[in-house]
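Please read the structure below before turning to the comments.
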Amino acid sequence: MSGREKQELEGVTLLGSQGTRYPSDYAPEILESFVNKHPDNDYFVKFNCPEFTSLCPLTGQPDFAAIYISYVPDQRMVESKSLKLYLFSFRNHGDFHEDCVNIIMKDLIRLMDPKYIEVWGKFTPRGGISIDPYCNYGRPGTKWEEMAWYRLSNHDLYPEKIDNR
């Protein structure tokens with residue numbers, strides 16, 4: 001591995017590790033990032049996480065969701081294995097659905113300062129109702145701030161008629 005490649009991967013410790021330990025509660029410190037080799041290109045990175053679980057903060061019952069994370073990176077990107085372990089850390093964490101998606105978004109903003117990010121949770125029904133919170137962020141003072149407002153104000157204009165979650 002060249003010196004440049006080593007520098008780009010500095011701080012990435014979980015990828016390829018055979019001794020993976022899964023956190024037992026919410027663990028934002030597990031998130032890792034690496035250098036974006038294409039910061040001058042605007043492009044989306046999307047993660048689909050269909051097996052997200054958390055706990056209801058009042059009843060302790062499990063909540064299940066698909067979490068969708070899309071972002072436009074700037075200088076740093078989130079490392080996917082650390083993201084997987086981070087999302088797993090919600091398994092024993094009690095928070096409402098809306099809190100979970102906002103916490104995920106804010107932790108990722110702190111980690112990598114993206115140009116734009118959105119997080120959408122599609123939770124399975126409990127008690128006959130599903131909750132699908134959506135949040136986003138665009139860097140203030142940039143075109144991304146305008147895009148965030150546009151996407152939020154036009155979000156889910158055509159919701160699904162039937163969902164077999």
Side-chain angles (χ1 to χ4, degrees), residues 1-55 62-123 132-152 155-156:
M1 187 179 302
S2 73
R4 177 181 168 192
E5 290 170 326
K6 286 180 185 175
Q7 183 181 9
E8 290 166 349
L9 294 175
E10 184 177 328
V12 175
T13 63
L14 297 171
L15 189 59
S17 172
Q18 300 302 310
T20 302
R21 292 186 314 162
Y22 291 87
S24 60
D25 200 3
Y26 170 66
E29 67 280 357
I30 203 160
L31 285 168
E32 295 181 344
S33 67
F34 61 93
V35 172
N36 176 11
K37 292 183 181 181
H38 310 282
D40 296 333
N41 295 352
D42 289 337
Y43 61 98
F44 268 100
V45 176
K46 184 172 184 182
F47 293 100
N48 302 305
C49 313
E51 298 177 346
F52 179 84
T53 59
S54 61
L55 299 177
D63 291 313
F64 303 94
I67 300 288
Y68 302 98
I69 301 166
S70 294
Y71 74 98
V72 177
D74 191 6
Q75 301 299 313
R76 307 287 303 171
M77 300 177 71
V78 65
E79 191 280 313
S80 61
K81 183 172 182 181
S82 76
L83 179 63
K84 177 175 64 173
L85 294 171
Y86 165 75
L87 292 172
F88 181 87
S89 80
F90 280 83
R91 185 167 187 229
N92 294 315
H93 180 74
D95 248 327
F96 293 116
H97 304 343
E98 300 85 352
D99 295 322
C100 289
V101 298
N102 276 280
I103 289 166
I104 291 166
M105 183 183 74
K106 289 176 181 179
D107 286 342
L108 290 171
I109 291 168
R110 271 191 294 279
L111 176 74
M112 57 183 174
D113 189 24
K115 296 174 184 177
Y116 175 82
I117 189 169
E118 58 190 29
V119 179
W120 191 353
K122 297 188 75 93
F123 286 80
D132 296 344
Y134 170 89
C135 59
N136 72 0
Y137 160 88
R139 187 175 290 154
T142 71
K143 65 183 178 184
W144 302 106
E145 182 178 34
E146 295 170 22
M147 183 174 139
W149 170 246
Y150 177 81
R151 287 182 66 102
L152 183 65
H155 175 71
D156 213 14

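Along the sequence shown, residues carry numbers from 1.
With values rounded to the nearest 0.5 angstrom, K122 atom NZ is found 13.0 Å from H97 atom NE2. Rounding to the nearest 0.5 Å gives a distance of 4.5 Å between OG of S33 and CG of L111. Rounded to the nearest 0.5 angstrom, R91 CZ and S54 OG are separated by 11.5 Å. Taking CZ of F34 as the start and CE of M112 as the end, the distance is 9.5 Å to the nearest 0.5 Å. Rounding to the nearest 0.5 angstrom, the gap separating the CD1 atom in I30 from the CG atom in L87 is 10.5 Å.
Taking every heavy atom of both residues into account, K115 and N41 meet most closely at NZ-O, 4.2 Å. Closest approach of A27 and S89 over heavy atoms only: N-OG, 3.0 Å. Closest of all the heavy-atom pairs between P39 and Q75 is CB-NE2, 3.5 Å. The two residues F44 and S70 have their closest heavy-atom pair at CD2-CB, 3.9 Å. Closest approach of V78 and S82 over heavy atoms only: CG2-OG, 4.3 Å. The two atoms that bring P133 and W120 nearest to each other are O-CD1, 3.3 Å, heavy atoms only.
Between the side chain of N36 and the backbone N or O of M77, no donor-acceptor pair lies under 3.5 Å. Side-chain N or O atoms of Y71 include none that pairs as donor or acceptor with a backbone N or O of L108 at under 3.5 Å.
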Using a 3.5 Å cut-off and no angle test, enumerate the donor-acceptor pairs between side-chain atoms of residues 99-107 and protein atoms at least two apart in sequence or in another chain.
residue	atom	partner	partner atom	Å
N102	ND2	E98	O	2.9
D107	OD1	Y26	OH	3.2
D107	OD1	R110	NH2	2.5
D107	OD2	Y26	OH	2.5
D107	OD2	Y86	OH	2.6

* Test log, rule side chain to side chain contact (heavy atoms under 4.5 Å, CB included), inputs L55 and H93 -> CA-CA 6 Å; L55 299 177; H93 180 74; over 6 Å; no

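No more than 12 heavy atoms of other residues, nucleotides or ligands shown are found within 6.0 angstrom of OH on Y150. The number of heavy atoms from other shown groups lying within 6.0 Å of CZ (R139) is above 12. Atom CD of E29 has more than 12 heavy atoms from other residues, nucleotides or ligands within 6.0 Å.
Applying the side chain to side chain donor-acceptor pair (under 3.5 Å) rule to N136 yields the partners Y116, Y134; only residues at least two apart in sequence or on another chain are considered.
When side chains are defined from C-beta on, T53 does not count as touching D63, because their heavy atoms never get closer than 4.5 Å.
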